[in-house]
Amino acid sequence: MDSEDPTSRTTDFGYQKVPLHEKVRRVGAVFDSVAARYDLMNDLMSMGIHRLWKRYALELAGARRGQRILDLAGGTGDLAARLARVVGRRGEVVLGDINGAMLERGRERLVDQGIVGNVEFVQTDAEALPFPDRSFDCVTIAFGLRNVTDKDAALSSMYRVLKPGGRVIILEFSRPTVPGVGPLYDLYSFNVLPWLGRLVVNDPDSYRYLAESIRVHPDQESLKTMMESAGFTRCEYFNLSAGIVAVHRGYRV
Amino acid sequence: MQPPATLLSIIEAAANRYLAMDPVALRRMAELQDRVLEVELLDVDMRFFVLTDGQGVQILGRFEGEPDARLRGTPLAMMRLGLSGDASRQLFAGDVEISGDTELGQRFKQILDEIDIDWEEQLSHVTGDVVAHQAGRVVRGLAGWARQAAGSLEQDTGEFLQEEARLVPARSEVEAFVEQVDELRTDVDRLEARVRRLQARVSDNSNNN
């Protein structure tokens, strides 16, 4: 959970404490650095399983033809691509990301796949979305919430832009639920990942940050509570891969 | 029950790779224009959804909203549907139920049937044109011989079984029989319709009296 020290206004950046405004800049730097090899690193880190996690999120999103869907922290666009294919010509997907480099990569990838015409690219901060109230059937955020400084603000913003009856889908790393997985996972995150980071993109620090940010992200129940505070109802979560990852879903009535 | 995500993911990847090898098939799939086909496999109690679009197909275990068409059958019947040249016989015989937009189901099947992959072209990506062409010639030659050999073997065996041992009805006998069954079925349908018309007329008369 992000903790703010009222006296010196710091927040968590992984395990480090940094001034509030610094976090956004630092996270930006991380993603500028990894943008080019993001998919490759995801594949290596999760051994390709991240695609299956995203597939699960896609199914839970319940996307249909003609819908309007906002995909936040959409980065390189793999979830947005699939959503765009489901909503079809009459639908629309808005791919939002705070990081320009990632957004550019996303645009390139989608164009390469021939998915044009129903996708819009918007550089935006999840904490303060620039869209009108009640304008989306669904908001998705895959592996992005842990990087948001003020998660409550982001959740409220997402609630605001959802149509009544619409839903939010949050796919994110969470707390492993199977005993014994924890230590192995720790070993993997804190030793293997930075090593891979150095090997593949020559940037172990960025991957150390990513591993640490996972640890300080709220657990399954905490996130559910935060969603309810933001106004979402019928909130539930689904554990994937023994809780290493979870999909949270909530509705706006 | 939805099949495991890994399985669907693999099938989807394979299906798209297959489609991608024949550009015409890909285009025809795109022409189906964002449709959803639900496939329900009886006996194994599995269901999945095939979504068509300009990039190929997506195969999902879950879909909300109404599919455009539904195929329902045992896995075996589905496979026979895939293999046979004439889908209508399978569908008419009730092995595979199709509901909703039946034309969609037919077109879908047709696309799969008519996929024509230029294997030589595919191979050339890996080996280069000359080797691929040589390989192609060899394979075609072999295929020709194999077809001939199989044909004559089939013919020999078939003839033996039909004429000598009278164990298996001749193809023409089977076809004649099936035709008669079809005719009978149509007659029954017509009769049923007629009976219903008469019944309606009778109840009309009794209402007016």
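Protein chains get the first letters and strands the later ones, always in sequence-line order, with residue 1 at the start of each.
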Next item on the list: Would you confirm whether A/Q113, through its side chain, and B/Q55, through its main-chain N or O, come within 3.5 Å as a donor-acceptor pair?
Entry: no

Margin query: Give me the atom names and distance for the closest heavy-atom approach of A/R55 to B/I59.
Written below: NH1-O, 2.7 Å

Next item on the list: Could you tell me whether the side chain of A/R51 reaches within less than 4.5 Å of the side chain of B/S9, counting heavy atoms only?
Entry: no

Item checked: Region of A/A81 in contact with chain B, defined by heavy-atom distances below 4.5 Å -> neither

Item checked: Interatomic distance, B/D34 atom CG to A/R90 atom CZ [nearest 0.5 angstrom] -> 8.5 Å

Next item on the list: Heavy-atom distances under 4.5 Å only: say whether A/V87 touches chain B with side chain, backbone, both or neither.
Entry: neither

Note to self: Donor-acceptor check, side chain of A/E59 to backbone of B/G61, threshold 3.5 angstrom: yes or no?
What the structure shows: yes

Checklist line | Check ion pair A/R82-B/E12 (N to O, under 4.0 angstrom) | finding: yes

Check: Is it the side chain or the backbone of A/I115 that comes within 4.5 Å of chain B heavy atoms, both, or neither?
Finding: both

Checklist line | Which residues share a ring pair (Phe, Tyr, Trp, His ring centres under 6.0 Å) with A/Y251, sequence neighbours left out | finding: none

Item checked: B/T52 portion near chain A, given a 4.5 angstrom heavy-atom threshold -> neither

Margin query: Please check: side-chain N/O of B/E64 versus main-chain N/O of A/R64, any donor-acceptor pairing under 3.5 Å?
Written below: no

Item checked: Non-hydrogen atoms of A/L60 and B/R62 that approach each other most closely -> CD2-NH1, 3.7 Å

Checklist line | Residue part contacting chain B, namely of A/R65, when any heavy atom lies under 4.5 Å | finding: side chain

Margin query: The criterion is ring pair (Phe, Tyr, Trp, His ring centres under 6.0 Å); which residues satisfy it with A/F121, sequence neighbours excluded?
Written below: none

